[in-house]
Asker: 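Shown below is the structure under consideration.
Residue numbering restarts at 1 for every chain, and letters A, B, ... go by the order of the sequence lines.
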There are 2 protein chains.
Amino acid sequence: MRSPSKTKSSTAPAANKIATRQTPCLKCPLRALKTFREFQPAELEFVEWFKTGEFASDEGATILMEGHSSPHLYTILSGWAFRHKTLPDGRRQILNFALPGDFLGLQTSMFNEMQHSVETLTKTVLCVFPRDKIWSLYEKFPGLAYDLTWIAARSERLLDEQLLSVGRRSAQEKMAFVLLHLFYRAQAVGLATGNKVVFPFTQQHLADSLGLSLVHTNKTLKALLARKWCRWKDGTFELVDEAALRELACYEGDLASLRPLI
Amino acid sequence: MRSPSKTKSSTAPAANKIATRQTPCLKCPLRALKTFREFQPAELEFVEWFKTGEFASDEGATILMEGHSSPHLYTILSGWAFRHKTLPDGRRQILNFALPGDFLGLQTSMFNEMQHSVETLTKTVLCVFPRDKIWSLYEKFPGLAYDLTWIAARSERLLDEQLLSVGRRSAQEKMAFVLLHLFYRAQAVGLATGNKVVFPFTQQHLADSLGLSLVHTNKTLKALLARKWCRWKDGTFELVDEAALRELACYEGDLASLRPLI
DNA sequence: CGGGATATTGAGTTAGTTCAACACAGGTGG
DNA sequence: CCACCTGTGTTGAACTAACTCAATATCCCG
């Protein structure tokens, strides 16, 4: 049996929280991105009403916890986070990473209890929505309801891809795949500068995401970087030979279609 | 690199199809099960209208194909199927299994193109819904719209669990987990007789689901069966020591909550 | 009877794991 | 300012879970 990955979540449950209202949805910087679909004025007004505040969190904070429920749903306004599950002995699997524009806690509103945790990788600002208002969304704004289903279906799609990766790709392929995938996603929300993106996660996070041990993740990463198709130094990832990486990763879809932002 | 699992889908794309209307939703045998929530008369009437027919398929038939789109959504009325993805060189990952009451093809209605395939394991009867009618569901029946999101969130949950399994459980744990999981799901839709269920899949399917090779799957299964906590002979699975299996599998949730049936 | 799909088993190989040591950076308290 | 600590990254060595290859046994079906 594999030994648990002994990751200490550096900070204890969420520090510094601010619940002040700051960014009006109308001026949400994410809406400007061409990644997101445009809203009707009425929809926007509703979302404005739906949003009850913002939540600023430190890095390494646990936003939602496995086995607990939460009265809130969240959208990431800025920052990175990740969803994960752990086995009783501590082995951890990162399910996926969450970037600005991503929705968190849909399970909360559907099932009451979360079966995974969410932890931040950076300082993060979240838009907060009360789950008890969600029903009025379904009643009054079928377009937004459709969007919610769309969002859930999209996560499912990402998970499918991740599952294929963890189950059937070799370590090197997995590595190439995840780096490329995260690069594309970051790029889609405007986090890329040319072919560079700041990656806020550690090798331990990659290991837990890919289902590999830390040591082997390190060796695999080294081997991949030695190919010179990408660089990763001082927290910054740089894509050099996209085609070569895609080939290695068996990367097919682009997953970067137009999406809603609730 | 692992070699592709050379699985030949026995039958070519779907054989014998019958598109006659047979089971009125009102008398749907699945609705009788306590697993599914009750519908309002108006909802039922709508679903009746939404459903355009039934589709009877042979075993081993491909219902939906990766990279293609489909004008239909499906619900399984009877039979087993599975969703899967493949890499260019043929390595296959089974994403999950689908049982009666499960919804297929939500991705079709949200994204146009499927990124996974769906294949039957047994003779299967599917309820057919045209995707172009789905919008009226959102407009007129928020309750059903909510259900659709619920269904998508549930699949996500199952995938989370599956991902944890493939990424972090040992072969033996994976095996125990998947058998237990499928037993529970089959039981929930009335396919169990006492502690026995007919499992229609082969070891190759298990291998592709767990991310293991066929040979190792066989050896792992043998070793598990040698523990006498369950039996599997002539296609019938029998649960003997549930507690022991759960312990081995690190099985936690039950995933068998009340659900909608569209 | 022959062919195809499935299950089984043994033997050798390898990808990935575990253990252990060390290097480096940043942060803290004396 | 230094000593110390903790989180992160690196590397080598030994081990093992899982893989590949290959052969054989069944069974079902036409």
Asker: Would you mind reading off the distance between B:L210 atom CG and D:dA17 atom C1', rounded to a whole angstrom?
Answerer: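 The distance from CG of B:L210 to C1' of D:dA17 comes to 15 Å, rounded to the nearest Å.
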Asker: Using side chain to side chain donor-acceptor pair (under 3.5 Å) as the criterion, list what pairs up with B:S117, not counting sequence neighbours.
Answerer: none
Asker: Could you tell me the separation between the CZ atom of A:F201 and the P atom of D:dG9, rounded to a whole number of Å?
Answerer: 11 Å
Asker: Tell me the salt bridge (Lys or Arg N to Asp or Glu O under 4.0 Å) pairs involving residues 223-241 of chain A, sequence neighbours left out?
Answerer: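 Checked against salt bridge (Lys or Arg N to Asp or Glu O under 4.0 Å) - neighbours excluded - the pairs reaching residues 223-241 of chain A are A:R231-A:E238.
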Asker: Could you give the CG-to-P distance, from B:D234 to C:dT6, as a whole number of Å?
Answerer: 16 Å
Asker: Which parts of residues 213-232 of chain B get close to DNA chain C, meaning a heavy atom less than 4.0 angstrom away?
Answerer: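 Going residue by residue through residues 213-232 of chain B, the ones with a heavy atom under 4.0 Å of DNA chain C turn out to be B:V215, B:N218, B:K219, B:K222.
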Asker: Taking the side chain as everything from C-beta on, heavy atoms only, tell me whether B:F177 gets closer than 4.5 Å to B:L210.
Answerer: no
Asker: May I ask you to check whether A:H205 and A:T202 show a side-chain donor-acceptor distance below 3.5 Å?
Answerer: yes
Asker: Among residues at least two apart in sequence or on other chains, which ones pass side chain to side chain donor-acceptor pair (under 3.5 Å) with A:E113?
Answerer: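 Once residues adjacent in sequence are excluded, A:E113 has no partner under the side chain to side chain donor-acceptor pair (under 3.5 Å) criterion.
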Asker: Got a sec, which pairs hit salt bridge (Lys or Arg N to Asp or Glu O under 4.0 Å) with one end in residues 214-224 of chain A, sequence neighbours left out?
Answerer: none
Asker: Would you mind reading off the distance between A:L121 atom CG and D:dG7 atom C1', rounded to a whole angstrom?
Answerer: 15 Å
Asker: Does a side-chain N or O of B:Q172 approach OP1 or OP2 of D:dA17 to a distance below 4.0 Å, or not?
Answerer: no
Asker: Looking at residues at least two apart in the chain, or sitting in another chain, which of them share a side chain to side chain donor-acceptor pair (under 3.5 Å) with B:N218?
Answerer: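 Here the qualifying residues are B:Q203.
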Asker: The criterion is side chain to side chain donor-acceptor pair (under 3.5 Å); which residues satisfy it with B:S70, sequence neighbours excluded?
Answerer: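 Partners of B:S70 under the side chain to side chain donor-acceptor pair (under 3.5 Å) test: none.
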Asker: Distance check needed: D:dA17 C1' versus B:R168 CZ, whole Å only.
Answerer: 15 Å
Asker: Could you tell me, to 10°, how much the axis swings from one end of the helix from C:dC1-D:dG30 to C:dG30-D:dC1 to the other, five pairs per end?
Answerer: 30°
Asker: Measure CD/B:Q204 against P/C:dG4 and give the value in whole Å, please.
Answerer: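 Nearest whole value for this atom pair: 17 Å.
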Asker: Given atom CZ of B:R91 and atom P of C:dA15, what is their separation to the nearest angstrom?
Answerer: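 From B:R91 CZ to C:dA15 P: 13 Å.
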Asker: Sequence neighbours left out, what pairs pass side chain to side chain donor-acceptor pair (under 3.5 Å) with at least one residue falling in residues 186-199 of chain B?
Answerer: none
Asker: Please report the distance, rounded to the nearest Å, between CE in B:M175 and P in C:dA7.
Answerer: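 My rounded result for the distance is 11 Å.
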